[in-house]
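So that the names make sense, note that chain A is the first sequence line, chain B the second, and so on, each numbered from 1.
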2 protein chains.
Amino acid sequence: MGKARRRVPVEEFVRRCKAAGLSVTPQRIAIYDAIAGNPSHPSPEAVYRRIRLTHPTIALATVYKTLDTFSRHGLVALLTPMHETVRYDPLTIQHHHMICVKCKEVVDVVDPALDEIRLPTRVRRSTKVLGYSIHFNVLCPSCRVR
Amino acid sequence: MGKARRRVPVEEFVRRCKAAGLSVTPQRIAIYDAIAGNPSHPSPEAVYRRIRLTHPTIALATVYKTLDTFSRHGLVALLTPMHETVRYDPLTIQHHHMICVKCKEVVDVVDPALDEIRLPTRVRRSTKVLGYSIHFNVLCPSCRVR
DNA sequence: CTCCATGCAAAAATTTTGCATCGAG
DNA sequence: CTCGATGCAAAATTTTTGCATGGAG
């Protein structure tokens, strides 16, 4: 992996925390930094392992709690709305999904127009693309009214 | 929820099992059916709960093992390549991702061209769309050579 | 007989919770 | 002093594994 970068400087993080009414602590800076400074979207476990180098007494539970706090306040986005459990798909042709961010229902979206996306050159050059799938993050009708 | 549908008839399932060299058992039919007959992409737990009605002695472990077998043989696709754990994203503007299906590394893809997808009418009409994200399933360079 | 799918129980791994403490304001 | 963030330990949940059994070919 290349060297760590920082997409958002600390000051920016602090500013966003304050805007969200969150206190800024060394742990939080470290956690945010581990995420923002790493393009690989590390898991809480991975964040924990990395952070322990500089914060040997931090608890894994703190990492979980903090990341959850961040996401509830919009400082980070949840990349895996369905992570709670594996999900499988019987439709093996390429297609897409709507995921209700609230109730986590998943609905198929089959639309030929969506299958004609031109792969970015960077993606095509650097990897072997097996396929792609678009996740529409939505509020379904029933969650919308509530 | 509407009534269950069956996207792939049993005969088709049997044919595909045979093609993959898998034996066909009542449990497997039931499991496949629970997935294929349900548009909501149920979790293994949910499949288990549903199947117990007709197969009271089935074990949850069997459901996990079977779904894993199915996906390794291409009978179903893995909808959640990152499910093992939550992942967060510090980049809160809309963007996309490459996910290596083997090592699970996630890399950002920022490309304005990808942000101009026309939302399918069905999606726009039925829900409030908060955003979307394209997941490119790829083999990264290092996994590709191995 | 051999092989593999199954069920069961145990183990492992992951995530959440309760609670006491600490520190900033 | 008060409140929220933290660390620790325990609990809960989810997933995997080992092993004995049983049926199909």
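- One atom, CG of B/L60, and another, P of C/dA10, lie 16 Å apart when rounded to the nearest Å.
- You'll find the ring centres of A/F70 and A/F13 inside the 6.0 Å limit.
- A/E45 has its CD atom 13 Å from the P atom of C/dT16, to the nearest Å.
- Rounded to whole Å, the distance from CD1 on B/I31 to C1' on C/dT6 is 10 Å.
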Contacts under 3.5 Å, N or O only, protein and nucleotides 23-25 of chain C:
none

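- Two rings, from A/H135 and A/H96, have their centers 6.0 Å or more apart.
- No donor-acceptor pair under 3.5 Å is formed between the side chain of A/H55 and the backbone N or O of A/L53.
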Polar atoms only, N or O, under 3.5 Å: list the protein pairs with nucleotides 23-25 of chain D and their distances.
none

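- Remark: the backbone N or O of B/Q27 is not paired with any side-chain donor or acceptor of B/Y32 at under 3.5 angstrom.
- Whole-Å rounding puts the B/Y48 OH to D/dT16 P distance at 16 Å.
- Residues passing the side chain to side chain contact (heavy atoms under 4.5 Å, CB included) test with A/V14 are A/V10, A/K18, A/V24, sequence neighbours excluded.
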Each nucleotide of nucleotides 3-10 of chain D classed B (base within 4.0 Å of a protein heavy atom), S (only sugar-phosphate) or -, in 5' to 3' order, makes --SSBBB-
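- Under the side-chain contact (heavy atoms from CB on, under 4.5 Å) test applied with B/H97, the options B/D89, B/V109, B/V138 reduce to a single match, B/D89.
- B/R28 pairs in a side-chain contact (heavy atoms from CB on, under 4.5 Å) with only one of the listed residues (B/T62, B/D33, B/T66, B/L67), which is B/T66.
- A donor atom on one side chain and an acceptor atom on the other are not found under 3.5 Å apart for B/H95 and B/D111.
- No donor-acceptor pair closer than 3.5 Å links the side chain of A/Y64 to the backbone N or O of A/E45.
- In this structure, the salt bridge (charged side-chain N to carboxylate O under 4.0 Å, His left out) partners of A/R72, at least two apart in sequence or on a different chain, are A/D68.
- For the salt bridge (charged side-chain N to carboxylate O under 4.0 Å, His left out) test, no residue two or more places apart in sequence or in another chain qualifies with A/R52.
- Between B/R52 atom CZ and C/dG7 atom P there is a gap of 12 Å when expressed in whole angstrom units.
- Look at OH on A/Y64: it is 15 Å from C1' on D/dA11, rounded to the nearest Å.
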